[in-house]
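All residue numbers in this chain count up from 1 along the given sequence.
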Amino acid sequence: MRKALLLIVLFFGVTACKTNPFTGKSTLNFYPNSQIFPMAFAQYDQFLEENKVVDSGAEANMITAVGQRIASAAERWLTANGYPGYLKDYQWEYNLVQDETVNAWCMPGGKIVFYTGILPICQGETGVAVVMGHEVAHALADHGAQRMSAGMLQQIGAVGVAVAVDDPEKRNAYMQAYGLGSTVGGMLPFSRSHETEADRIGLQIMAIAGYNPDEAAELWKRMKAQGGQAPPEFLSTHPSNETRIANLTEWAPLAKEEARKFGVTTFR
């Protein structure tokens, strides 16, 4: 049994790597687009059926227009950097949903939702572009599939601990320690790294789309001003507001430099 688990882990480690085009690094990914996209599309359609979609008006039109510009910018960057056809299976869709939750998301394959609750913080088109770039970046970098893959490895590890420890009392203690250690030391940093990566990719894409990347840090200042008790960063799935603001401020000039490669020198 132990040998079988080891072989499974080794098999996944060898066969489940995919290159992130934005970083050039290999990433953990057990799920090809052909498997994960249909699942995401079905879940998206179900979500739209169960929620109130704002399908007309200036705000809905703005979400679609910004989304199309961000998607076009992503395709320009990918094509210019040796990844033509990277988005061929994406089915872009942009919807505004009536909900006071301060949130937005992009599912694998380009299915995007903005909640009306985030629009006052966005304060217009450029703020929407900040959020849109970040959420689209998650999809472009396969973060959803990577989190699912990491979760699978965590489960395999838990089975390995259960098999390795014969004593029931010790097994429970080891399982608790493994659960805490693998979450705080593995899953949470993994998630925070995705958020940071999406911030940087999103900043670059929004700049290529013609939106001012300086506004990203300003949006997160407004987000911070919303208040609320946040957990310590090491116990959170997201970087702290302070970390994000500092990073975005540092990266904005680099995003402008990248945009200039595509002839973009002025920004909305």
Side-chain angles (χ1 to χ4, degrees), residues 17-27 29 33 61-94 104-112 114 122-146 192-221 223 239 243-268:
C17 291
K18 183 177 179 180
T19 299
N20 182 328
F22 295 93
T23 65
K25 297 178 181 179
S26 294
T27 59
N29 189 347
N33 291 349
N61 292 338
M62 176 177 63
I63 297 299
T64 298
V66 174
Q68 289 173 341
R69 292 189 186 107
I70 294 292
S72 176
E75 186 161 19
R76 289 178 67 194
W77 189 95
L78 288 161
T79 299
N81 285 274
Y83 291 89
Y86 186 88
L87 301 176
K88 65 181 178 64
D89 295 323
Y90 279 62
Q91 297 180 19
W92 297 105
E93 190 172 347
Y94 319 93
W105 41 265
C106 178
M107 298 189 80
K111 300 295 188 179
I112 295 162
F114 266 66
C122 291
Q123 294 187 356
E125 186 176 342
T126 301
V128 168
V130 173
V131 177
M132 186 76 73
H134 174 89
E135 299 303 335
V136 165
H138 278 307
L140 297 176
D142 296 321
H143 287 164
Q146 288 180 49
R192 290 194 297 273
S193 73
H194 283 173
E195 292 300 321
T196 299
E197 188 172 272
D199 278 347
R200 188 160 193 167
I201 295 170
L203 203 67
Q204 187 170 287
I205 294 171
M206 71 171 287
I208 295 170
Y211 295 103
N212 186 357
D214 292 331
E215 290 301 310
E218 297 305 312
L219 180 139
W220 276 101
K221 290 176 185 176
M223 196 75 77
T243 297
R244 297 187 100 147
I245 292 166
N247 285 341
L248 291 167
T249 301
E250 178 184 350
W251 296 335
L254 301 177
K256 290 180 181 179
E257 287 180 16
E258 189 67 22
R260 290 189 189 99
K261 297 177 184 177
F262 294 84
V264 181
T265 56
T266 59
F267 303 95
R268 293 181 177 88

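Once rounded to the nearest 0.5 Å, the distance linking CZ of R268 with CE of M206 reads 10.5 Å. N20 contributes atom CG, which lies 5.5 Å from atom CD1 of I201 (distance to the nearest 0.5 angstrom). Rounding to the nearest 0.5 Å places NE2 of H134 at 4.0 Å from CD of E195. For the atom pair E125 CD and E215 CD, the distance stands at 12.0 Å (nearest 0.5 Å). Rounding to the nearest 0.5 Å places CZ of F267 at 7.0 Å from CG of N212.
For the pair P21 and W77, the tightest heavy-atom approach, listed with the atom from each and the gap, is O-CH2, 3.4 Å.
Crowding of E75 atom CD: a count of heavy atoms from other residues, nucleotides or ligands under 6.0 Å not exceeding 12.
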Q: Start with the C-alpha gap between N33 and D142, add the side-chain angles, then the distance that decides, and say whether side-chain contact (heavy atoms from CB on, under 4.5 Å) holds.
A: CA-CA 9 Å; N33 291 349; D142 296 321; 4.1 Å; yes
Q: Decide yes or no on side-chain contact (heavy atoms from CB on, under 4.5 Å) for I63 and M132, but give the supporting numbers first.
A: CA-CA 9 Å; I63 297 299; M132 186 76 73; 4.0 Å; yes
Q: Would you check, one step at a time, whether the test side-chain contact (heavy atoms from CB on, under 4.5 Å) holds for T126 with L219?
A: CA-CA 9 Å; T126 301; L219 180 139; over 6 Å; no
Q: Please assess H138 against E135 for the test side-chain contact (heavy atoms from CB on, under 4.5 Å), listing each intermediate value before the final yes or no.
A: CA-CA 5 Å; H138 278 307; E135 299 303 335; 3.7 Å; yes
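For the pair I245 and K221, the minimum side-chain heavy-atom distance is below 4.5 Å. Between L140 and Y90 the shortest side-chain heavy-atom distance falls below 4.5 Å. Proximity of T79 to Y86: side-chain heavy atoms (C-beta onward) are nowhere separated by under 4.5 Å.
Residues meeting the side chain to side chain contact (heavy atoms under 4.5 Å, CB included) test with A216, sequence neighbours left out: V130, L203, L248.
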